[in-house]
Amino acid sequence: MARVRYQPGEFEEKWQARWAAMGDTTARDDDPRPKYYNLVMFPYPSGDLHIGHWYNYTGADIFGRYMRMRGYNVTQPIGFDAFGLPAENAAIKRNIQPRAWTLANIDNMRAQLRRMGAGWDWSREVVTCLPDYYRWTQWVFLQFYKRGLAYRTKAPANWCPNCNTTLANEQVVNGACERCGTVVERREIDQWLMRITNYADELLNFDGLEWPEKTRLMQTNWIGRSEGAEIRFTASVPKENRKRGQRATVELPVFTTRPDTIYGVTFFVLAPEHPLVERLTTPERREAVRDYVEQARRESEIERMSADKSRVKSGVPLGSYVTNPVSGEQVPIWIADYVLMSYGKGAVMGVPAHDQRDFEFARAFDLPITQVVRDGDEELTDPATWAEAKTAHGWLVNSGPFDGAPAEEAVGRVIAWLEEHAVGMGAVNYRLRDWLVSRQRFWGAPIPIIYCETHGAVPVPEDQLPVRLPDEAQFKPTGESPLRYVPEFLHTTCPICGGPATRETDTLDTFICSAWYFLRYADAHDEAQAWDAEKVARWLPVDMYIGGPEHATLHLMYARFFVKALRDMGLLDFSEPFTRLYHQGMVLGPDGQKMSKSRGNVIAPDAVVSRYGADAVRAYLMFMGPFDQGGPWNNQGIEGVSRYLNRVWTLVTDYVEQRVGGAQAETPAGREVERLRHRTIARVSGDYDGLRFNTGLAALMEFLNGLNRAREESPALVHDPRYAAAVDTLLTLLAPMAPHIAEELWERVGHTESVHRQAWPTFDPALTEDEEITIVVQVNGKVRDTLRMAPDVTEAQAREQALASAKVAAALGGREPRKVIYVPGKLLNLVG
RNA sequence: GCCGGCGUGGCGGAACGGUAUACGCGGCAGUCUCAAAAACUGCUCCCCUCACGGGGUUAAGGGUUCGAAUCCCUUCGCCGGCACCA
């Protein structure tokens, strides 16, 4: 008789349709069970779900299904992060509109997401490019604007000449555009920023969060908190109205982490872009300075991204001098591109003796080097003979009133002096910069601001939102937003005076859309407000967030900032969006390399799903290795997992066939089956809790192997109710990982209610142990024998048996054990 | 350069400080078959031994411990992040 084999194609889609009709994955707000918010990073609708999405979402779905069986009211919402550059680039390339391209992709990806068999809560779907979503993105932006957390300024911005837009600091990688790799330029333009720096300190606090250590560290380093002092140097400059001979004093503050080295300042350096450069330049230096500034502007980003950071320092003197407010000394002012306008005050006090970069600069231009810190009682040597700066903290020398101040105190004493004399203060500086959010592109949420000649920048009244994107635009590489060339969009009237006005034509960074989408999921279709406070209080914060680690300093930091700011506006009553965070690893191509079209090593999910079924793809992805590690795809690996599912199929269908007729009766073999069942429940539960799906599946494989062996040895097992329980447990434990086959077989076994509605099985710890255990006997730490004994064996009994063993006796060679280590139920070590 | 992570069979990977190599892949042998595929069974870290058995092995070296893949130190290699951050 031909056996009916496991053919997932025959039932997977049937169950997907039935589950949709059942509605179990649609979480109700009024469900009395405890809530569980199981979130995945929503996809960008690029066209197709790729294997990385499958990996991410399968792990999340297994966890969500598991939590549902554990009795939680789980929501696992899904949506689309639908604004962004690829749509616009596709529009340019194919001469279509971004909206049509995006919405078609979304339709396709919805079907692919369903084909995973994942328990999505479609009732909460959000699509960020639709007006009923971006209306509220604009509203959120205006709340930030009203409180001064969104502002417009003219400042140097990262400009990608290929994408024709500005970029956030976080989107610049090694001086190049994160998206296209083009070297980023600096441009002075008006732009919108979000005041994330207000929250720098609070963002450093991760208390109560279950986040990967690595991610917390990355954010911490990105924020880059340094403690030190602000010190105000002064310089004399010609008065701006240029009355002959009249001079004014300007302040030149610096930030330093080493105020204790203040007496070692021998020069002063400004960033080439520093606003006071021109005024501080003497006439005879004007030309050289202008050349250097020009050169730095042209080359800086390219040069600064070059790997060789030890390149020779460059710079030119301005011809003028600053006064050191502590020592009263005058030192020359230089500009040099090793000083960055974007960090600190854009100016540094040059202390070549105790800072390596200043040291190199002084060497390059023969500037004096004065030692002001000594390390213990060492003899002072001539700094001209040093190979590098002495950066250790120590005792002050050559430092006027501070001479002899010890390491611990020196910094504090100098700061106290600065404060007392009102020329500086203790200060904290951050590497983090405000978040630049305006993009000179079409396919984003329009910034809801109107410019009026008399009233300036005026926010669009909230009841007039959304500011709709026009249906069509022309895409030309002008460097300006295409919206500028849509007259119906551009021209409007001032909300205050009704006079002629123009709209802001930049759109918002898509990271704004994704910085609050997890709030909208709680109340996705509210037409009256961004979210209902009660619903958000019901569902937030997110209990589990699973997504890639590449967003550590982007989305994950922006979302934290948004939640904290919205909390301070009284719009939320919690401080952190994501309680538990988990990063899945990356699926590599069969060659162990990152998948890419050019390498030809891309695995298309649709193709493998049609060949092996969704369950096999899910299970194989999880079996590949630890979930946070990912690994190379192996075509034979999925064969193996598919074979396993086939064996499950065979075991259960055989059982259904063979149990017919015979009377129910316990068999001796049933005892071991029952123990195996309990042990497996314990293992799989623990593994699912910890997202260790690879070992969870290994346990399920061992379970199946054990059941096959037991039934082979005692065929009467099929009539033993403990075997029936084992079959049920196998399917129940498998259900989160391979939901379709589990459901199909569950029905074939004769159950009428979905396997996914079953309570997660419990286990009795007493039954997870074998009736007889193996005690390892070591002599001097080397294994010499193993003993089969009762689990409650005492040390004396174990010792007696061990000494009776010939192998042990031989190893001991007649000596008496000097010491005996006994680990109950596990091991006996005889030390001779 | 700085910060973090990781090195275990031919391969992916298991191992509360307690029998290293679970589970799977691949390979070898067998059952079934006219044959193949599928399915099933057994073997499969290295060395010595026909065997019984013994010795060795978690990148390399050292240390702590009755006992180390696991903890500590040094070196090498790979991966990720940051990078002239004052």
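In what follows, chains carry the letters A, B, and so on, assigned in the order in which the sequence lines appear, proteins first and then strands, with residues in each chain numbered from 1.
Nearer to the 5' terminus of RNA chain B, by closest-nucleotide assignment, is the contact made by Ala698(A) (compared with the other of Gly346(A) and Ala698(A)). Looking at which nucleotide of RNA chain B each of Val776(A) and Leu217(A) is closest to, the 5′-most match is held by Leu217(A).
In terms of phosphate contacts, Arg683(A) brings no side-chain nitrogen or oxygen within less than 4.0 Å of OP1 or OP2 of C23(B).
Residue-level contact check: Gly224(A) touches neither bases nor backbone, having no heavy atom under 4.0 Å from any strand. Here Glu702(A) lies in heavy-atom contact (under 4.0 Å) with sugar-phosphate atoms only.
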Strictly under 4.0 angstrom, non-hydrogen atoms only: write out the protein contact profile of nucleotides 51-59 of chain B, one letter per nucleotide from the 5' end, B, S or -.
----SS---
Where along nucleotides 5-17 of chain B does protein come under 4.0 Å, by heavy atom, of base (B) or sugar-phosphate alone (S), with - for untouched nucleotides?
-------BSS-B-
In the 5'-to-3' direction, what one-character label does each nucleotide of nucleotides 40-46 of chain B receive under the scheme B = base within less than 4.0 Å of a protein heavy atom, S = sugar-phosphate only, - = no such atom?
S------
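Residues satisfying the ring pair (Phe, Tyr, Trp, His ring centres under 6.0 Å) criterion with Tyr655(A), sequence neighbours excluded, are Tyr723(A). When the side-chain contact (heavy atoms from CB on, under 4.5 Å) test is applied to Pro253(A), the partners found at least two apart in sequence or on another chain are Glu230(A), Arg232(A), Lys345(A).
The separation between Phe255(A) atom CZ and A86(B) atom P is 7 Å, rounded to whole Å. In this structure, Leu827(A) atom CG and G18(B) atom C1' are separated by 5 Å, rounded to whole Å.
By the 4.0 Å N-to-carboxylate-O rule, Arg599(A) lies too far from Asp591(A) to be salt-bridged with it.
Because its glycosidic torsion is more than 90° from 0, G77(B) is reported here as anti.
Listed by first and then second residue, the salt bridge (charged side-chain N to carboxylate O under 4.0 Å, His left out) pairs involving residues 624-642 of chain A are Arg611(A)-Glu639(A) (not counting sequence neighbours).
No option in Leu318(A), Val339(A), Val322(A) other than Leu318(A) meets the side-chain contact (heavy atoms from CB on, under 4.5 Å) test with Leu270(A).
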